[in-house]
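Scroll down for the structure; my scribbles are underneath it.
If you read the sequence from its start, that first residue is 1, and numbering goes on from there.
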Amino acid sequence: DEQRQYLQQMNTAVQGMVALVSNLLLITKVEGGEFGASIIPVDIGVLAQHVLREFDAACATEQVRMDVAIAEHVPAVLVDPSLAHQVMDILLTNAVHYNRPQGTVSVSVSADPHAVQFKVQDTGLGIPLKQQHLVFQKFFRGDNVVRKETEGKGLGLYIARTIVEASGGTMWFTSKENEGS
């Protein structure tokens with residue numbers, strides 16, 4: 001049992017290092033303009049539903065409820081589906097992980113004549129006002145998150161925004177500490 005526990009800890013640590021190296025390689029590629037995107041028409045609503053299914057277990061573990069509203073007739077968007085998946089995964093991971101027990105993550109996909117919008121809203125920790133200008137910088141982690149736990153590298157939102165902007169989109173946030181983002 002003791003050896004099994006050590007092996008599990010080692011496996012978790014190795015998975016964390018692999019994720020970190022993968023993220024650093026992706027950052028290098030995206031910043032260099034060579035992320036090899038396969039741009040095709042993607043139904044963001046269908047992609048969002050696929051990604052959301054991957055969060056069932058995490059929501060149960062973190063005791064977070066997921067509310068989803070996907071509009072009908074959302075036009076396809078020209079994006080790399082794997083990169084769009086990664087952006088959604090990053091946003092949802094943060095929303096679930098930094099939420100509070102019994103909290104809610106609301107996800108919506110909508111469109112207007114000029115844009116398709118994927119929106120994630122949580123009832124979690126929020127970002128301190130004095131640090132909000134740092135949110136999309138590499139290695140940024142809010143003081144309130146660092147006090148809560150040490151896990152995380154501060155790369156997710158930087159990666160997400162870099163991918164979105166390299167794909168011709170925009171990404172922004174609003175947040176209130178202790179109320180969510």
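Taking every heavy atom of both residues into account, V79 and A84 meet most closely at CG2-CB, 4.0 Å. V116 and P75 make their closest contact through CG2-O, 3.7 Å (heavy atoms, listed as atom of the first residue, atom of the second, distance). When all heavy atoms of D80 and S38 are compared, the closest pair comes out as OD2-N, 2.7 Å. Closest of all the heavy-atom pairs between A95 and V120 is CB-CG1, 3.6 Å. Between P41 and L78, the closest heavy-atom pair is N-CD2, 3.6 Å.
Inter-residue side-chain proximity for R100 and T123 is flagged as met; some heavy-atom pair is nearer than 4.5 Å. Taking 4.5 Å as the limit, some side-chain heavy atom of F55 sits within range of a side-chain heavy atom of T93. Residues I127 and S181 have side chains in contact (heavy-atom distance under 4.5 Å, counting atoms from C-beta outward). S108 is not listed as a side-chain neighbour of V68, based on a closest heavy-atom distance of 4.5 Å or more. E62 places none of its side-chain heavy atoms less than 4.5 Å from the side chain of N99. The closest side-chain heavy-atom distance from P81 to I40 is below 4.5 Å. You'll find the side chain of I90 reaches within 4.5 Å of the side chain of Q86, heavy atoms only. Using a 4.5 Å heavy-atom threshold, the side chains of M171 and L91 count as touching.
A donor-acceptor pair is defined here as one N or O able to donate and one able to accept, closer than 3.5 Å; such a pair exists between the side chain of Q132 and the backbone of S175. Here the side chain of D122 pairs no donor or acceptor atom with the backbone of G180 at under 3.5 angstrom.
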Stepwise side chain to side chain contact (heavy atoms under 4.5 Å, CB included) check, I159 with K138: CA-CA 8 Å; I159 291 169; K138 281 186 219 175; over 6 Å; no

Criterion side chain to side chain contact (heavy atoms under 4.5 Å, CB included) on E179 and E177, from CA distance to verdict: CA-CA 5 Å; E179 292 182 28; E177 192 170 7; over 6 Å; no

Check against side chain to side chain contact (heavy atoms under 4.5 Å, CB included), Q121 and V105: CA-CA 6 Å; Q121 183 174 349; V105 173; over 6 Å; no

Criterion side chain to side chain contact (heavy atoms under 4.5 Å, CB included) on T170 and E165, from CA distance to verdict: CA-CA 6 Å; T170 56; E165 290 180 350; 5.9 Å; no

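Under a hydrophobic clustering in which Ile, Leu, Val, Met, Phe, Trp and Tyr are joined whenever their side-chain heavy atoms come within less than 4.5 Å, directly or via other members, V74 and V46 fall into different clusters. Clustering ILVMFWY residues whenever any of their side-chain heavy atoms sit less than 4.5 angstrom apart, transitively, puts I163 in the very cluster that holds F139.
For F173 and F136, the distance between ring centers is under 6.0 angstrom.
Cluster partners of M10, using a side-chain heavy-atom cutoff of under 4.5 Å among ILVMFWY residues and allowing indirect links, are L7.
By the 6.0 Å contact criterion, CD on Q3 is open, its count of non-hydrogen atoms from other residues, nucleotides or ligands being 12 or less.
Relative orientation of the H85 and H50 rings is tilted, given thresholds of 30° and 60° on the angle between their planes.
Of the options V87, L134, V135, T162, a side-chain contact (heavy atoms from CB on, under 4.5 Å) to L157 is made by V135 and by none of the others.
In this structure R65 satisfies the side-chain contact (heavy atoms from CB on, under 4.5 Å) test together with D67, T104, sequence neighbours excluded.
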